[in-house]
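See below for the structure under consideration.
When a ligand or atom number is given, it counts from 1 through the structure's own listing order. For the single chain, residues carry numbers from 1 onward in sequence order. Keep in mind that this is a model prediction, so the values were computed, not measured.
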Amino acid sequence: MHFKSFLNSLPNGVKLVAVSKGQSTSQIRSLASQGQVDFGESRLQEALPKLNSLKDLKTVRWHFIGSLQANKVRQVVKAFDVIHSIDSLKLAKRISRISAEECKKPRVMAQVKFRNDPSKFGFTPDGLLEVWNEFIALPNIDVIGLMTISPKELDLNQRKILFRECRVFSEKLGLKDCSMGMSQDWKEAVEEGATWIRVGSLLFGGR
Ligand SMILES: *Cc1c(COP(=O)(O)O)cnc(C)c1O
(Lines give C-alpha, C1' and ligand atoms only; values in the text may rest on other atoms or scores of the structure.)
Protein backbone atom coordinates (compact mmCIF):
# COMPACT_ATOMS: atom_id res chain seq x y z
CA MET A 1 0.00 0.00 0.00
CA HIS A 2 1.54 3.27 -1.10
CA PHE A 3 0.55 5.65 1.65
CA LYS A 4 0.70 8.96 -0.21
CA SER A 5 -1.35 7.76 -3.16
CA PHE A 6 -3.93 6.29 -0.78
CA LEU A 7 -4.19 9.59 1.07
CA ASN A 8 -4.43 11.54 -2.17
CA SER A 9 -7.19 9.25 -3.46
CA LEU A 10 -9.54 10.28 -0.63
CA PRO A 11 -12.16 12.86 -1.62
CA ASN A 12 -12.22 16.28 0.01
CA GLY A 13 -13.83 16.16 3.41
CA VAL A 14 -12.78 12.58 4.15
CA LYS A 15 -10.11 12.27 6.81
CA LEU A 16 -8.04 9.23 7.60
CA VAL A 17 -7.56 7.83 11.08
CA ALA A 18 -4.56 5.52 10.77
CA VAL A 19 -5.39 2.72 13.21
CA SER A 20 -2.08 1.90 14.83
CA LYS A 21 -3.15 -0.71 17.38
CA GLY A 22 -0.74 -3.62 17.27
CA GLN A 23 1.80 -1.53 15.36
CA SER A 24 5.14 -0.27 16.61
CA THR A 25 6.06 3.31 17.37
CA SER A 26 8.56 3.27 14.51
CA GLN A 27 5.74 2.44 12.07
CA ILE A 28 3.73 5.32 13.50
CA ARG A 29 6.71 7.66 13.14
CA SER A 30 7.13 6.57 9.56
CA LEU A 31 3.53 7.50 8.63
CA ALA A 32 3.71 10.71 10.64
CA SER A 33 6.83 11.71 8.73
CA GLN A 34 4.83 11.24 5.52
CA GLY A 35 2.23 13.71 6.73
CA GLN A 36 -0.30 11.55 8.59
CA VAL A 37 -1.86 13.50 11.48
CA ASP A 38 -4.63 11.36 12.96
CA PHE A 39 -3.91 8.02 14.62
CA GLY A 40 -6.35 5.65 16.33
CA GLU A 41 -5.81 3.26 19.21
CA SER A 42 -8.36 0.92 20.76
CA ARG A 43 -6.62 -0.55 23.79
CA LEU A 44 -5.57 1.92 26.46
CA GLN A 45 -2.98 -0.33 28.10
CA GLU A 46 -1.18 -0.72 24.80
CA ALA A 47 -1.66 2.91 23.75
CA LEU A 48 -0.38 4.81 26.79
CA PRO A 49 3.29 3.77 26.59
CA LYS A 50 3.25 4.34 22.82
CA LEU A 51 1.72 7.81 23.15
CA ASN A 52 4.26 8.59 25.82
CA SER A 53 7.23 7.67 23.67
CA LEU A 54 5.76 9.65 20.74
CA LYS A 55 5.22 12.86 22.74
CA ASP A 56 7.73 14.68 20.55
CA LEU A 57 5.35 14.36 17.54
CA LYS A 58 3.56 17.62 18.21
CA THR A 59 1.32 17.55 15.13
CA VAL A 60 -0.20 14.12 15.79
CA ARG A 61 -3.78 13.82 17.08
CA TRP A 62 -4.86 10.70 18.94
CA HIS A 63 -8.28 9.10 18.50
CA PHE A 64 -9.66 6.61 20.99
CA ILE A 65 -11.73 4.08 19.04
CA GLY A 66 -12.08 1.12 21.40
CA SER A 67 -14.56 0.22 24.06
CA LEU A 68 -14.04 2.53 27.01
CA GLN A 69 -14.36 1.35 30.61
CA ALA A 70 -15.49 3.82 33.27
CA ASN A 71 -12.27 3.52 35.27
CA LYS A 72 -10.18 4.44 32.21
CA VAL A 73 -11.99 7.65 31.33
CA ARG A 74 -9.58 10.04 33.02
CA GLN A 75 -6.55 8.58 31.26
CA VAL A 76 -8.32 8.70 27.90
CA VAL A 77 -9.47 12.29 28.42
CA LYS A 78 -5.94 13.35 29.31
CA ALA A 79 -4.18 11.57 26.44
CA PHE A 80 -6.63 11.61 23.49
CA ASP A 81 -8.07 14.37 21.33
CA VAL A 82 -11.14 12.61 19.92
CA ILE A 83 -13.25 9.77 21.36
CA HIS A 84 -15.21 7.77 18.76
CA SER A 85 -16.76 5.15 21.00
CA ILE A 86 -19.28 6.52 23.49
CA ASP A 87 -21.87 3.78 23.96
CA SER A 88 -24.02 4.99 26.85
CA LEU A 89 -25.34 8.19 28.41
CA LYS A 90 -23.73 7.16 31.68
CA LEU A 91 -20.32 7.05 30.00
CA ALA A 92 -20.94 10.39 28.25
CA LYS A 93 -21.81 12.02 31.59
CA ARG A 94 -18.66 10.65 33.16
CA ILE A 95 -16.50 11.86 30.27
CA SER A 96 -18.04 15.33 30.52
CA ARG A 97 -17.55 15.54 34.30
CA ILE A 98 -13.95 14.35 34.18
CA SER A 99 -13.18 16.57 31.19
CA ALA A 100 -14.35 19.57 33.21
CA GLU A 101 -12.02 18.56 36.05
CA GLU A 102 -9.15 18.26 33.57
CA CYS A 103 -10.05 21.54 31.80
CA LYS A 104 -10.75 19.69 28.55
CA LYS A 105 -13.60 19.51 26.07
CA PRO A 106 -12.93 16.55 23.79
CA ARG A 107 -14.61 16.03 20.45
CA VAL A 108 -16.66 12.85 20.73
CA MET A 109 -18.87 10.55 18.70
CA ALA A 110 -21.66 8.23 19.71
CA GLN A 111 -21.15 4.64 18.60
CA VAL A 112 -24.35 3.32 17.03
CA LYS A 113 -25.31 -0.22 16.08
CA PHE A 114 -27.58 -0.23 13.05
CA ARG A 115 -27.82 -4.04 13.14
CA ASN A 116 -28.07 -6.46 15.99
CA ASP A 117 -24.47 -7.43 16.74
CA PRO A 118 -23.77 -9.02 20.12
CA SER A 119 -20.00 -8.73 19.56
CA LYS A 120 -20.15 -4.92 19.47
CA PHE A 121 -20.99 -2.14 21.88
CA GLY A 122 -23.09 0.85 20.96
CA PHE A 123 -26.42 2.62 21.15
CA THR A 124 -29.34 1.41 19.09
CA PRO A 125 -30.68 4.34 17.05
CA ASP A 126 -33.82 4.43 19.25
CA GLY A 127 -31.70 4.21 22.38
CA LEU A 128 -29.68 7.22 21.30
CA LEU A 129 -32.81 9.21 20.46
CA GLU A 130 -34.20 8.54 23.94
CA VAL A 131 -31.22 10.15 25.65
CA TRP A 132 -30.32 12.62 22.92
CA ASN A 133 -31.36 15.86 24.62
CA GLU A 134 -29.45 15.00 27.75
CA PHE A 135 -26.46 13.83 25.71
CA ILE A 136 -25.99 16.99 23.68
CA ALA A 137 -26.60 19.21 26.72
CA LEU A 138 -23.51 17.86 28.51
CA PRO A 139 -21.20 20.84 28.91
CA ASN A 140 -17.71 19.41 28.51
CA ILE A 141 -17.98 17.25 25.43
CA ASP A 142 -18.31 18.46 21.86
CA VAL A 143 -20.55 15.94 20.08
CA ILE A 144 -19.48 15.97 16.44
CA GLY A 145 -20.86 12.77 14.97
CA LEU A 146 -21.67 9.08 14.92
CA MET A 147 -19.37 6.07 14.69
CA THR A 148 -20.42 2.70 13.40
CA ILE A 149 -18.83 -0.68 12.64
CA SER A 150 -20.38 -3.13 10.21
CA PRO A 151 -21.06 -6.65 11.48
CA LYS A 152 -18.55 -9.07 9.94
CA GLU A 153 -21.13 -11.13 8.10
CA LEU A 154 -22.45 -8.32 5.88
CA ASP A 155 -21.34 -8.20 2.26
CA LEU A 156 -20.17 -4.95 0.71
CA ASN A 157 -23.56 -4.05 -0.67
CA GLN A 158 -25.23 -4.59 2.70
CA ARG A 159 -22.50 -2.48 4.27
CA LYS A 160 -23.25 0.36 1.88
CA ILE A 161 -26.88 0.29 3.01
CA LEU A 162 -25.80 0.33 6.64
CA PHE A 163 -23.41 3.25 6.07
CA ARG A 164 -26.17 5.16 4.31
CA GLU A 165 -28.40 4.67 7.37
CA CYS A 166 -25.64 6.10 9.54
CA ARG A 167 -25.30 9.17 7.29
CA VAL A 168 -29.06 9.75 7.26
CA PHE A 169 -29.29 9.37 11.04
CA SER A 170 -26.40 11.77 11.64
CA GLU A 171 -28.13 14.36 9.50
CA LYS A 172 -31.38 13.89 11.35
CA LEU A 173 -29.45 14.68 14.55
CA GLY A 174 -27.69 17.65 12.97
CA LEU A 175 -24.24 16.07 13.19
CA LYS A 176 -21.55 16.62 10.60
CA ASP A 177 -19.32 13.62 11.12
CA CYS A 178 -19.60 9.92 10.42
CA SER A 179 -16.71 7.68 11.47
CA MET A 180 -17.21 4.57 9.37
CA GLY A 181 -15.28 2.26 7.08
CA MET A 182 -12.22 0.13 7.79
CA SER A 183 -9.67 -1.70 5.59
CA GLN A 184 -12.32 -3.91 4.00
CA ASP A 185 -15.10 -1.42 3.45
CA TRP A 186 -13.67 2.11 3.48
CA LYS A 187 -14.62 2.65 -0.19
CA GLU A 188 -18.27 1.88 0.48
CA ALA A 189 -18.19 4.13 3.55
CA VAL A 190 -16.69 7.01 1.55
CA GLU A 191 -19.35 6.59 -1.14
CA GLU A 192 -22.03 6.88 1.52
CA GLY A 193 -20.68 9.98 3.23
CA ALA A 194 -18.03 9.00 5.76
CA THR A 195 -16.02 11.97 7.04
CA TRP A 196 -13.58 9.79 9.01
CA ILE A 197 -12.40 6.38 7.87
CA ARG A 198 -10.52 4.19 10.34
CA VAL A 199 -7.99 2.09 8.47
CA GLY A 200 -5.35 -0.15 10.02
CA SER A 201 -4.15 -3.31 8.32
CA LEU A 202 -4.44 -1.92 4.79
CA LEU A 203 -1.92 0.80 5.68
CA PHE A 204 0.41 -1.02 8.03
CA GLY A 205 0.06 -4.61 6.90
CA GLY A 206 -1.28 -7.31 9.20
CA ARG A 207 -1.13 -7.20 12.98
C1 LIG B 1 -8.97 -2.26 14.47
C2 LIG B 1 -10.02 -1.28 14.21
C3 LIG B 1 -10.12 -0.63 12.98
C4 LIG B 1 -9.18 -0.90 11.80
O5 LIG B 1 -9.36 -2.18 11.33
P6 LIG B 1 -8.60 -2.67 9.99
O7 LIG B 1 -9.45 -3.79 9.51
O8 LIG B 1 -7.24 -3.09 10.43
O9 LIG B 1 -8.57 -1.53 9.05
C10 LIG B 1 -11.12 0.32 12.83
N11 LIG B 1 -11.99 0.61 13.82
C12 LIG B 1 -11.94 -0.02 15.01
C13 LIG B 1 -12.93 0.35 16.06
C14 LIG B 1 -10.95 -0.98 15.26
O15 LIG B 1 -10.91 -1.58 16.44
Listed pairs under 3.5 Å, donor-acceptor, residues 161-171 side chains, sequence neighbours left out:
unit_1 : atom_1 : unit_2 : atom_2 : d
Arg164 : NE     : Glu192 : OE1    : 3.0
Arg164 : NH2    : Glu192 : OE2    : 3.2
Glu165 : OE1    : Arg115 : NH1    : 3.1
Glu165 : OE2    : Arg115 : NH1    : 3.3
Glu165 : OE2    : Arg115 : NH2    : 3.0
Arg167 : NE     : Glu171 : OE2    : 2.9
Arg167 : NH1    : Lys176 : O      : 3.3
Arg167 : NH1    : Gly193 : O      : 2.9
Arg167 : NH2    : Ser170 : OG     : 3.3
Arg167 : NH2    : Glu171 : OE2    : 3.1
Arg167 : NH2    : Lys176 : O      : 3.1
Ser170 : OG     : Arg167 : O      : 2.8

- Less than 4.5 Å apart, any side-chain heavy atom of Trp186 and any of Leu16?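 Answer no - side chains too far apart.
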- Shell of residues surrounding ligand 1, defined by a 4.0 angstrom heavy-atom cut-off that is strict: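 Lining ligand 1 at under 4.0 Å, by heavy atoms, one finds Val19, Lys21, Ile65, Ile149, Met182, Ser183, Arg198, Val199, Gly200, Ser201, Arg207.
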- Hey, what do you get for NZ (Lys4) to CG (Asn8), rounding to the nearest 0.5 Å?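 Here the rounded value is 6.5 Å.
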- Message: Return the CZ to CG distance between Phe39 and Leu51, rounded to the nearest 0.5 Å.
- Response: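 Interatomic distance, Phe39 CZ to Leu51 CG, rounded to 0.5 Å: 10.5 Å.
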Using atom types as modelled, flag every donor-acceptor pair under 3.5 Å from a side chain in residues 129-151 to any protein atom, sequence neighbours excluded.
unit_1 : atom_1 : unit_2 : atom_2 : d
Glu134 : OE2    : Lys93  : NZ     : 3.1
Asn140 : ND2    : Lys104 : O      : 2.9
Thr148 : OG1    : Val112 : O      : 2.7
Ser150 : OG     : Arg159 : NE     : 3.4

- Message: Taking side chain to side chain contact (heavy atoms under 4.5 Å, CB included) as the definition, give me every residue that meets it alongside Arg43, ordered by chain and number, with sequence neighbours left out.
- Response: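 By the side chain to side chain contact (heavy atoms under 4.5 Å, CB included) rule, Arg43 matches Lys21, Glu46.
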